[in-house]
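Some notes on the structure that comes next.
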Amino acid sequence: MNSFDAKHIKNVALLGSHGAGKTTLAETMLFEAGLITRRGRVEDGNTVSDHTDLEHQRGGSVYAACMHTEWRNFKINIIDTPGLDDLVGETIPALRVADTCLLLLNAHHGVEVGTDLVWEQMQRFDRPVLIGINQLDHANADFDTTLAQAQDHFGPAVTVMQYPVEQGEGFHRIIDLLKMTMYVFKDAGGKPEKQPIPASEKERADALHKVLVEKAAENDETLMEHYFEKGELDEDEMRLGLKLGMMKRTVFPVFCLSALRNMGSGRLMGFIDNVAPSAVEMPPFPARRWT
Ligand SMILES: Nc1nc2c(ncn2[C@@H]2O[C@H](COP(=O)(O)OP(=O)(O)OP(=O)(O)O)[C@@H](O)[C@H]2O)c(=O)[nH]1
Ligand SMILES: [Mg+2]
């Protein structure tokens with residue numbers, strides 16, 4: 001078994017309303033990293049996370065479950081939480097130990113009552129937030145509406161890191177605004193091919209990239225100076241700015257996912273490795289959050 005120092009361990013809680021796809025995403029993260037060789041399905045009662053008889057009977061998570069995956073020399077500890085609000089007692093301890101909260105939204109339901117309820121709990125703990133818009137392969141997926149609802153409910157920190165070129169059954173391409181590249185997936189998902197951003201998407205991608213660079217620069221004076229001098233930040237500077245933004249909660253980066261079709265989880269894990277803060281980088285919990 002590999003050993004990791006504290007900087008190379010990321011503790012992530014998966015949060016979101018019932019059915020957003022948290023357990024399916026956890027399974028996909030384990031599969032992509034090669035920790036399991038077969039992806040289970042919630043309906044079949046054979047996922048790593050939903051492993052109790054009660055969860056099999058109910059067809060969904062009841063308990064918070066701890067797992068880990070390994071992605072490019074980092075260990076990512078994952079706590080998959082149940083989304084039903086009467087099971088919130090399982091969510092709170094996960095929030096207490098997580099260094100990053102990954103809030104999953106369902107692209108065809110948008111921000112749900114259950115999302116707002118879990119958000120209330122997240123606010124009590126002041127942790128960095130990543131947002132995953134999942135189920136982009138669903139026939140009724142609507143990325144723009146889901147994003148607008150997230151910005152409305154959670155504020156201007158919600159920042160697009162990726163957007164889908166198409167959605168619904170044809171979903172297979174994601175534009176990444178940090179790397180300024182397009183990920184193209186095969187039907188079975190998995191590792192995407194990187195392609196240049198097509199001319200038809202260039203204007204939108206450039207405009208959203210500029211917003212992202214400004215959001216990253218805002219968090220540090222030196223980065224701001226570099227941005228004013230060069231009109232751009234390089235990838236490492238962006239990562240630093242985004243990490244600081246996550247820690248100050250001025251940036252909640254938004255990622256695109258289809259957990260079911262295994263699209264997008266590799267890039268998300270890479271970002272968790274390189275940008276999401278580790279426990280040693282996070283300040284201790286403020287005492288007031290315990291009341
Ligand atoms: N089309 C589509 N369906 C998905 C996706 N992710 C999950 N699902 C389906 O959505 C349903 C709920 O998925 P879960 O992974 O159990 O969702 P959850 O967030 O863990 O739900 P709770 O544990 O009850 O909070 C299952 O039928 C999944 O197969 C996705 O990316 N696309
Ligand atoms: Mg679940």
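Order of appearance sets the numbers: ligands from 1, and atoms from 1 within every ligand.
- Looking from atom 26 (C) of ligand 1 to the surrounding protein, the closest heavy atom is Glu43 OE2, 3.2 Å.
- Scanning all protein heavy atoms for the shortest distance to atom 23 (O) of ligand 1 gives Ser61 OG, 2.8 Å.
- More than 12 heavy atoms of other shown residues, nucleotides or ligands fall within 6.0 angstrom of atom CZ in Arg249.
- Residues Met238 and His209 meet the side-chain proximity criterion, which asks for heavy atoms closer than 4.5 Å.
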Worksheet entry | Intermediate values then yes/no, salt bridge (Lys or Arg N to Asp or Glu O under 4.0 Å), Asp144 and Arg204 | CA-CA 13 Å; Asp144 290 340; Arg204 184 177 182 196; 3.2 Å; yes
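- With a 6.0 Å radius and a threshold of 12 heavy atoms from other residues, nucleotides or ligands, His18 has its NE2 atom at or below the threshold.
- Of all protein heavy atoms, the one lying nearest to atom 19 (O) of ligand 1 is Lys22 NZ, 2.7 Å.
- Looking at Glu120 and Arg124, no side-chain N of the basic residue comes within less than 4.0 Å of a carboxylate O on the acidic one, giving no salt bridge.
- Considering backbone and side-chain atoms together, Asp137 places an N or O closer than 3.5 Å to an N or O of ligand 1.
- The atoms of ligand 1 that sit less than 4.0 Å from any heavy atom of Asn134 are 5 (C), 6 (N), 31 (O).
- Atoms of ligand 1 lying under 4.0 Å from any heavy atom of Val42, numbered from 1 in the order shown and given with element: 14 (P), 15 (O), 16 (O).
- Polar contact check, Arg261 against ligand 1: no nitrogen or oxygen pair lies under 3.5 Å apart.
- Heavy-atom minimum distance, Asp220 versus Leu223: OD2-N, 3.1 Å.
- In this structure, the protein non-hydrogen atom closest to atom 21 (O) of ligand 1 is Gly19 N, 2.9 Å.
- The protein heavy atom nearest to atom 17 (O) of ligand 1 is Gly21 N, 3.1 Å.
- Given atom 13 (O) of ligand 1, the protein heavy atom at minimum distance is Thr24 OG1, 3.6 Å.
- Listed by atom number, the atoms of ligand 1 under 4.0 Å from Ala20 heavy atoms are 17 (O), 19 (O).
- Heavy-atom contacts from other residues, nucleotides or ligands closer than 6.0 Å to CG of Asp187 number 12 or fewer.
- One finds no salt bridge joining Glu201 and Arg173 here, because no Lys/Arg side-chain nitrogen approaches an Asp/Glu carboxylate oxygen to under 4.0 Å.
- The contact set between ligand 1 and Gly83, taken as ligand atoms under 4.0 Å from a residue heavy atom, comprises 22 (P), 25 (O).
- More than 12 heavy atoms of other residues, nucleotides or ligands lie within 6.0 Å of CD in Gln195, so this atom counts as buried by the packing criterion.
- Closest to atom 24 (O) of ligand 1, if we only count protein heavy atoms, is His18 ND1, 2.6 Å.
- Seen from the Mg ion (ligand 2), atom OG on Ser61 and atom OG1 on Thr23 lie at an angle near 90° (rounded to 10 degrees).
- In this structure, Phe252 has its ring center at least 6.0 angstrom away from the ring center of Phe154.
- Nearest non-hydrogen protein atom to atom 10 (O) of ligand 1 is Gln135 NE2, 3.5 Å.
- In terms of polar-atom proximity, Leu257 is not counted as a contact of ligand 1, lacking any N or O under 3.5 Å from an N or O of the ligand.
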